[in-house]
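Each remark here refers to the structure printed beneath this line.
All values derive from a computational prediction rather than experimental measurement.
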Amino acid sequence: MITLKNISFTYPNGLKVFENMNFELHNGDRVGIVGHNGSGKTTLLHLIVGLLKPDAGDIIIFGKPRKTEKDYREVRKRVGLLFQDPEDQLFCPTVAEDVAFGPLNLRIPKDEVHRIVKRTLEEVGLSGFEDRVTYNLSGGEKKLVSLATLFAMGPEVLLLDEPTAGLDEDATKKIEEILREKADTYIVVSHLRDVLEETTDRIFKMEHGHLEAV
């Protein structure tokens with residue numbers, strides 16, 4: 001589903017993150033990635049959805065090379081990215097509006113969007129939260145709403161950047177349960193090895209610009 005071939009990437013400040021890095025994600029893969037701060041974990045996810053562009057190498061997603069902004073429009077409909085900070089994901093006044101935003105942009109009829117919102121909130125354990133003000137939710141609740149915004153789009157792949165960062169034990173277990181039961185193909189970036197062991201089948205360490213199986 002996702003192939004990165006000989007990817008090199010350097011930030012404008014001269015920080016080299018990747019050099020000839022390779023990675024593949026197949027249907028049904030549940031992959032975890034660990035690594036120290038600045039090793040490139042988040043950068044990898046942003047490259048996959050086109051928020052960043054490589055200096056060299058090929059990105060092939062769903063069988064097609066992805067180079068231009070137009071190429072990535074399709075990718076973003078089929079690959080959902082969970083940002084580390086929910087404040088980067090949630091920007092509408094209410095929970096229902098946040099979850100409905102993506103489907104409405106796909107021009108799905110409003111009555112169908114209403115059903116999607118209801119079903120998706122049930123999936124993440126937030127039934128009845130439709131009219132709650134997103135700003136006033138707890139950290140764990142904001143993470144769950146962020147996940148709901150992705151599920152509402154029906155993505156084929158999830159990219160999850162520190163999905164349990166800053167959460168208490170109960171909220172962490174809820175996120176782990178949802179991933180195991182509701183998602184099929186995903187990459188989880190986390191500093192917490194136990195979270196990856198609970199949610200993924202393979203774990204890689206990002207080090208010196210490459211991914212090494214651990």
H210 and N20: CA distance, side-chain angles, deciding distance, side chain to side chain donor-acceptor pair (under 3.5 Å) verdict: CA-CA 8 Å; H210 297 278; N20 297 321; over 6 Å; no
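- With no hydrogens or angles considered, a side-chain donor-acceptor pair links H26 and E24 at under 3.5 Å.
- Counting heavy atoms from C-beta on, the side chains of P103 and M153 come closer than 4.5 Å.
- Hydrophobic clustering, with ILVMFWY side chains joined whenever heavy atoms are under 4.5 angstrom apart, groups L15 together with L52.
- The shortest heavy-atom contact between K41 and M206 is CG-CB, 4.2 Å.
- Using a 4.5 Å heavy-atom cutoff, the side chains of Y72 and I59 are in contact.
- F62 places a side-chain heavy atom less than 4.5 Å from the side chain of M1.
- Taking the side chain as every heavy atom from C-beta outward, H208 and E19 never approach each other to under 4.5 Å.
- Ion pairing between a basic and an acidic side chain is recognised when a charged N comes within 4.0 Å of a carboxylate O; K174 and E141 show no such pairing.
- For the pair V188/P163, a side-chain contact is recorded, criterion being any heavy-atom separation below 4.5 Å from C-beta on.
- One finds a salt bridge joining R78 and E156 here, because a Lys/Arg side-chain nitrogen approaches an Asp/Glu carboxylate oxygen to under 4.0 Å.
- A salt bridge does not link K173 to E177: none of the charged side-chain nitrogens sits closer than 4.0 Å to a carboxylate oxygen.
- Shortest non-hydrogen contact noted between V99 and A152 is O-CB, 3.6 Å.
- Atom NE2 of H114 has 12 or fewer neighbouring heavy atoms from other residues, nucleotides or ligands inside a 6.0 Å radius.
- Side-chain contact between L144 and I175: present, with at least one pair of heavy atoms (C-beta onward) separated by less than 4.5 Å.
- Residues T185 and G28 share a closest heavy-atom pair of OG1-N, 2.7 Å.
- Residues passing the ring pair (Phe, Tyr, Trp, His ring centres under 6.0 Å) test with F9 are Y11, sequence neighbours excluded.
- For the side-chain contact (heavy atoms from CB on, under 4.5 Å) criterion with L196, the lone passing option out of I203, V31, V189 is I203.
- Comment: R115 engages E112 in a salt bridge, judged by a side-chain N to carboxylate O separation of less than 4.0 angstrom.
- Closest approach of I48 and I61 over heavy atoms only: O-CD1, 3.0 Å.
- In this structure, L81 and L51 have side chains that are in contact, with non-hydrogen atoms separated by less than 4.5 Å.
- N22 places a side-chain N or O within donor-acceptor distance of the main-chain N or O of N6, the cut-off being under 3.5 Å.
- The two residues K142 and T134 come nearest to each other via the heavy atoms CE-O, 3.5 Å.
- Between D71 and K64 there is no salt bridge, since no side-chain N of the basic residue sits under 4.0 Å from a carboxylate O of the acidic one.
- Between Y186 and L179, the closest side-chain pair of non-hydrogen atoms falls below 4.5 Å.
- Looking at E130 and K118, no side-chain N of the basic residue comes within less than 4.0 Å of a carboxylate O on the acidic one, giving no salt bridge.
- Summarising the local packing, CG of D131 is surrounded by 12 or fewer heavy atoms from other residues, nucleotides or ligands at distances under 6.0 Å.
- In this structure, K53 places its NZ atom where more than 12 heavy-atom neighbours from other residues, nucleotides or ligands lie under 6.0 Å away.
- When all heavy atoms of F101 and C92 are compared, the pair lying nearest together is CD1-SG, 4.4 Å.
- Side chain of D98 to backbone of F91: a donor-acceptor contact under 3.5 angstrom is found.
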